[in-house]
Amino acid sequence: MKKENLIKQYKAIYKKAPTHIIRAPGRINLIGEHTDYNGGFVLPIAIDSYTNMLVSKNDDKKVRLYDLKYNENDEFHLDNIKPLKQKKWSNYQCGIAKVLLDAGYKIGGLDILIFSEVPEGAGLSSSASIEIATLLSFKELYDLEIKPLEMIKLARKAENNFVGVECGIMDQFASLLSKEGNALFIDCRSLKYKYVTLSFMGYSFFVCNSMVKRELVESSYNKRRKDCKYALRAFHKILPRIGALRDISIEDFMKYGGLLSKKSRRRVEHIVYENERVKQAVEVLKNRNAKAFGELMYQSHLSLKELYEVSTEELDLLVEIGKDEPGVLGARLTGAGFGGCVIYLVKDSCVEKLKEKILDVYSKKTGLVPQFYEVVPSKGAYAELNGNR
Ligand code: GLA
């Protein structure tokens, strides 16, 4: 929807103009899955789909919300914030207000209109983009002195406490700090990060949504986190210097992995080698070696399927289709798994044929109609003043 239209809708709802327009993108992860909450490495990029928030202040200490996706409104008072049971969508804003207040930031009321372009339930971090957009709204309108890393940590805390997903830090990080044309390499323990230019001449990333809704994602995701905690405890007994699964080297794993239970061994093996793949991916990206990058993607998918067990038949099918198509160098599920999207690395001139093939084979086998998104590595969240008041 165009900016002018959104402003019109805002005026119709709130009888005033918004002072700011805040935009925060969704993300895809190129490689490094389920490593973030194990203190490891990830390599996401922001996509050209944003959650847009039009905002202005109010003096009532209330946060009023209207979400165009649901055509619903809601509101809460800053003196009385509780997780809302029925209208789950506004828990994100409640969560952000609560973590800011708890951290001692002085905030007041906001009148917000939300229009998100990020598809929901597709593993493209629509939640993180809403959290970051809400946080940036408070920051901009109430002049909060808050550093980017602090924003990211608070947004994650809101998701953990209010929405109930014990997510890692990658999505909020990518939504806030991504840079156009670049991937973002993050060390999720030290929170140090660096940008890596994306320049596989003639090849690009491209996303296919399996359209499998990730109904159980929250509980399954939290289960994987528990598996990791359990495996960490076991490994720590063997090697006390291990403080996170990230600390386990390939040599450690080869030496001591056999002492773990079968399930723990599978989980740990994924994390150990996936971290290694992210480091290699950064190198091959720098060397513009698209073929090697594609190989790492296939390896990552196989590991997510067989060791971490977060893939689905549909995601596997999408990856297999890629393997047989000329011009496709790699494919893997992106995000938490259990449904959502597959990302391909494909020669520009072969994208159309790949789409046709997917539409044909995938739709016939599953009865689902997949959706495609072009990937434009985009910039992280930003605020604009509304000049048209
Ligand atoms: C979700 C979480 C992230 C990360 C990925 C898996 O997107 O929000 O923190 O754990 O799953 O890599």
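When a residue number appears, it is its place in the shown sequence, counting from 1. Order of appearance sets the numbers: ligands from 1, and atoms from 1 within every ligand.
- The proximity of Glu166 to ligand 1, defined as any non-hydrogen pair under 4.0 Å, does not occur for either the backbone or the side chain.
- Considering backbone and side-chain atoms alike, His34 places an N or O below 3.5 Å from some N or O of ligand 1.
- Ionic pairing of Glu75 and Lys62 is present here: one or more N-O contacts between side-chain nitrogen and carboxylate oxygen are shorter than 4.0 angstrom.
- For ligand 1, one of its N or O atoms has an N or O atom of Asp171 under 3.5 Å away.
- Where the criterion is an N or O separation shorter than 3.5 Å, residue side chain and backbone included, Gly168 meets it with respect to ligand 1.
- Between Arg224 and ligand 1 there is no heavy-atom distance shorter than 4.0 Å.
- A salt bridge links Lys355 to Glu352: at least one charged side-chain nitrogen sits closer than 4.0 Å to a carboxylate oxygen.
- Set against the non-hydrogen atoms of Arg27, the atoms of ligand 1 under 4.0 Å away are 7 (O).
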Can Arg27 and Ser125 be said to form a side-chain hydrogen bond (donor to acceptor under 3.5 Å, both in side chains), step by step? CA-CA 6 Å; Arg27 65 98 191 90; Ser125 292; 3.3 Å; yes
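- Every atom of ligand 1 with a heavy atom of Tyr37 under 4.0 Å away is listed here by number and element: 10 (O).
- Checked for salt-bridge contact, Lys139 and Asp143 miss the test: no charged N lies under 4.0 Å from a carboxylate O.
- Of the N and O atoms on the side chains of Asp252 and Ser249, at least one donor lies less than 3.5 Å from an acceptor on the other residue.
- Of all the atoms in ligand 1, the ones that sit under 4.0 Å from a non-hydrogen atom of Met170 are 4 (C), 5 (C), 12 (O).
- Considering backbone and side-chain N/O of Tyr221, one or more are found under 3.5 Å from N/O of ligand 1.
- Salt bridge annotation for Glu159-Arg156: absent, with no cationic side-chain nitrogen under 4.0 angstrom from a carboxylate oxygen.
- Under the 4.0 Å criterion applied to side-chain N and carboxylate O atoms, Asp360 and Lys364 are assigned as salt-bridge partners.
- Any N or O atom pair closer than 3.5 Å counts here, and Ser125 shares no such pair with ligand 1.
- Salt bridge Arg266/Glu306: absent, no basic N to carboxylate O contact under 4.0 Å.
- Counting atoms of ligand 1 from 1 in the listed order, those under 4.0 Å from a heavy atom of Asp36 are 3 (C), 4 (C), 9 (O), 10 (O).
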